[in-house]
Number of protein chains: 2
Amino acid sequence: MTQDQSHQSPEEEFRLFRTVCKEQRIKVTPQRLEIFRTVIAAYDHPSAEDVYNRVKDRLPAISLDTVYRTLATFESGGIISRVSFCEDKTRFDPNRKPHHHLFCTVCKNLTDFYWANFDNADLPPEIPEWGYPETKHVQIRGICSHCSRERNKA
Amino acid sequence: MTQDQSHQSPEEEFRLFRTVCKEQRIKVTPQRLEIFRTVIAAYDHPSAEDVYNRVKDRLPAISLDTVYRTLATFESGGIISRVSFCEDKTRFDPNRKPHHHLFCTVCKNLTDFYWANFDNADLPPEIPEWGYPETKHVQIRGICSHCSRERNKA
DNA sequence: CCAATATTGAGAATAATTACTACATAGGAT
DNA sequence: ATCCTATGTAGTAATTATTCTCAATATTGG
C-alpha cells in the first residue's frame, strides 16, 4: 500500500551506493550505480527486463546480462530481494522492511503490505521440528479493486 | 509435515477420477488417468518433469507436453495447485486442505504445514481497500534439520 | 600511474514451458 | 452398438527467461 522508497538527492544516493559497494567488496561501476538508482527508486517490483529498459536511457550500451548479474549481486548482498511467485518472470523488491505481498492475478501488479501481528505471532509447534526458518512471508492472491471494477463493466 | 494423501484402491481411484472428469467436462483418457493417479499419490510436490518420468513407466509413449497440459487442466479444475516460488521449476501440489509451505533452501524439499490460527486470523485493514483476496499462503524458507546436521558435519 | 583483478558486452547456450499440426479417440446422438 | 464430431494426443518446433563463455575493458589498492 504505502510505498515510501527513500527518494534522496543524487549525491546522497551516490554516497549510499559507495558505502554499499564497500560493504560488499564490489567495485563501483557506472552500470551498478544506475541499476542501484533504478531499483531503489522502483515502486513496482520490476523484472530484470524492466530494469534493463529503464537503465538503457542513461546507459544505452548496457547489456541485459549485466542487469541480471548485478541484481543477483545486490540480492546476495541483501540490498534487494527476489519475488518469484508471480506467474512469469522473477521480480525484484527494494523494500528492506518486513513486509508481505498482494498479487493481482489480472493486472499482475504486486503491492506490499505490512502486518505486525503476523510478524510477531508464534509459529506453529511443528516448525522447530522441521528445521531453522530464515524468512516468512505471506502471499495473498486475488483481484485488485481496479481490475474488479473493469471486469464488472464488461 | 504430515502428508496424508488418500491412498485408495485402484477402483476407488478410478471412480474418483471419472467423477472429477465429469465435473470438469473433460474426457477420460488413459493419459489423464495415469497423471491423476501419479499426482494424487505424490508426497513430494513433483515438477511436471517428475510427473512425466513417473508416468512414463506405465505409458511409455506419453509426451511431456501432455503432462504440462493435463496438469494445467487439473489446476484450473481445482484438483491440484501450482507452487512457483521454488527456485527453478514449477511444482504441483495435490493437497486440497488449506496449508502452507516450508522450503529448504539447501535440499529444495517442500513440506506442507497447517496453521489454523493464521487461517482464521483477520487480515490487516488495508486489504479490503486493495481488493478481493482469493487465496492466502505463508511461505517459510530456511534450512531443514537434516541439511543443518549435514552442514555442521562439514 | 600501474598491475592485478573484477566486470562488462555480445552472442551463443540452456532450460522450462508453450504452440502447432496432423492424426487418433472418447462419448453423445442415432 | 455404431457413427460422427469435438476434443485430445504425440512429435516437433518455437518461445521466453535466464545463464555461460570469453575477449576486451574498467576499477582500485598500492
Side-chain angles (χ1 to χ4, degrees), chain A residues 14 17-36 38-39 45-53 55-77 79-92 108, chain B residues 14 17-36 38-39 45-53 55-77 79-92 108:
Chain A
F14 187 64
F17 175 65
R18 292 200 78 98
T19 311
V20 160
C21 287
K22 189 144 283 179
E23 272 171 17
Q24 292 191 238
R25 278 168 249 274
I26 60 173
K27 290 187 180 170
V28 173
T29 70
Q31 291 87 341
R32 283 179 177 154
L33 174 57
E34 284 310 324
I35 293 168
F36 182 80
T38 302
V39 81
H45 306 83
S47 67
E49 198 168 9
D50 293 335
V51 173
Y52 172 64
N53 287 326
V55 166
K56 255 200 311 196
D57 290 345
R58 286 164 168 252
L59 295 176
I62 199 168
S63 82
L64 178 56
D65 193 25
T66 297
V67 175
Y68 271 106
R69 276 180 300 200
T70 303
L71 290 172
T73 305
F74 288 173
E75 190 204 3
S76 59
I79 300 169
I80 58 175
S81 60
R82 185 182 288 262
V83 184
S84 50
F85 63 76
C86 307
E87 274 120 12
D88 40 353
K89 314 186 191 189
T90 296
R91 293 164 70 168
F92 295 86
K108 318 294 180 201
Chain B
F14 188 64
F17 176 65
R18 291 200 77 100
T19 311
V20 160
C21 286
K22 190 144 281 180
E23 273 171 20
Q24 292 192 237
R25 276 167 250 276
I26 58 172
K27 291 185 181 174
V28 173
T29 70
Q31 290 86 344
R32 282 179 179 155
L33 173 59
E34 283 310 325
I35 293 168
F36 181 79
T38 303
V39 81
H45 305 84
S47 67
E49 199 167 10
D50 293 335
V51 173
Y52 173 65
N53 287 325
V55 166
K56 255 199 310 197
D57 290 344
R58 288 166 166 252
L59 296 175
I62 199 168
S63 80
L64 178 56
D65 191 25
T66 298
V67 175
Y68 272 106
R69 273 183 284 124
T70 304
L71 290 172
T73 305
F74 288 172
E75 190 204 4
S76 59
I79 300 170
I80 58 175
S81 60
R82 183 182 290 260
V83 183
S84 50
F85 63 78
C86 308
E87 273 121 12
D88 41 352
K89 316 186 191 188
T90 297
R91 293 162 70 167
F92 295 87
K108 319 292 181 202

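Just the heavy atoms: all of them, side chains too, but no hydrogens, waters or symmetry mates, feed the values below. Below, chains carry the letters A, B, ... as their sequence lines are ordered, and counting in each starts from 1.
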Practice problem: If a pair satisfies salt bridge (charged side-chain N to carboxylate O under 4.0 Å, His left out) and one of its residues is in residues 18-29 of chain B, list it, with sequence neighbours excluded. | Solution: none
Quiz item: Looking at residues at least two apart in the chain, or sitting in another chain, which of them share a side-chain hydrogen bond (donor to acceptor under 3.5 Å, both in side chains) with A:Ser84?
Solution: none
Quiz item: In degrees rounded to 10°, what angle is found between the helical axes fit to the five outermost pairs at each end of the helix from C:dC1-D:dG30 to C:dT30-D:dA1?
Solution: 50°
Practice problem: Would you check if A:Leu33 and A:Val28 make a side-chain contact, meaning some heavy-atom pair closer than 4.5 Å? | Solution: no
Quiz prompt | 5'-most by nearest nucleotide on DNA chain C - A:Arg32 or A:Ala61 | solution = A:Arg32
Quiz item: With sequence neighbours left out, what residues match A:Arg69 under side-chain hydrogen bond (donor to acceptor under 3.5 Å, both in side chains)?
Solution: A:Thr66
Exercise. Tell me, with the steps shown, if B:Gln31 and B:Thr70 meet side-chain contact (heavy atoms from CB on, under 4.5 Å).
Key: CA-CA 8 Å; B:Gln31 290 86 344; B:Thr70 304; 5.5 Å; no
Practice problem: Mark up nucleotides 16-22 of chain D, 5' to 3', with B wherever a protein heavy atom is under 4.0 angstrom from a base atom, S wherever such an atom reaches only the sugar-phosphate, and - elsewhere. | Solution: -SBBBB-
Quiz prompt | Covered region of DNA chain C, 5' end to 3' end, by chain A [heavy atoms, under 4.0 Å] | solution = C:dT5 to C:dA10
Quiz item: Sequence neighbours excluded, which residues qualify as side-chain contact (heavy atoms from CB on, under 4.5 Å) partners of A:Leu64?
Solution: A:Tyr52, A:Tyr68
Quiz prompt | Neighbours of DNA chain D within residues 22-30 of chain B, by heavy-atom distance under 4.0 Å | solution = B:Lys27, B:Thr29
Quiz item: Looking at B:Thr38 and B:Val51, what are the two nearest heavy atoms and their distance?
Solution: CG2-CG1, 4.4 Å
Quiz prompt | Partners meeting side-chain contact (heavy atoms from CB on, under 4.5 Å) with A:Arg91 (sequence neighbours left out) | solution = A:His45, A:Ser47, A:Cys86, A:Phe103, A:Lys108, A:Leu110
Exercise. For A:Glu34, check side-chain hydrogen bond (donor to acceptor under 3.5 Å, both in side chains) against everything at least two apart and list the hits.
Key: A:Arg37, A:Arg58
Quiz item: Which residues pass the side-chain hydrogen bond (donor to acceptor under 3.5 Å, both in side chains) test with A:Thr73, sequence neighbours left out?
Solution: none
Practice problem: Just jot down the side-chain contact (heavy atoms from CB on, under 4.5 Å) partners of A:Ile80, sequence neighbours excluded, or say none. | Solution: A:Val39, A:Leu71, A:Phe74, A:Glu75, A:Phe92, A:Pro94
Quiz item: Heavy-atom distance under 4.5 Å between the side chains of A:Glu49 and A:Asn53, does that happen here?
Solution: yes
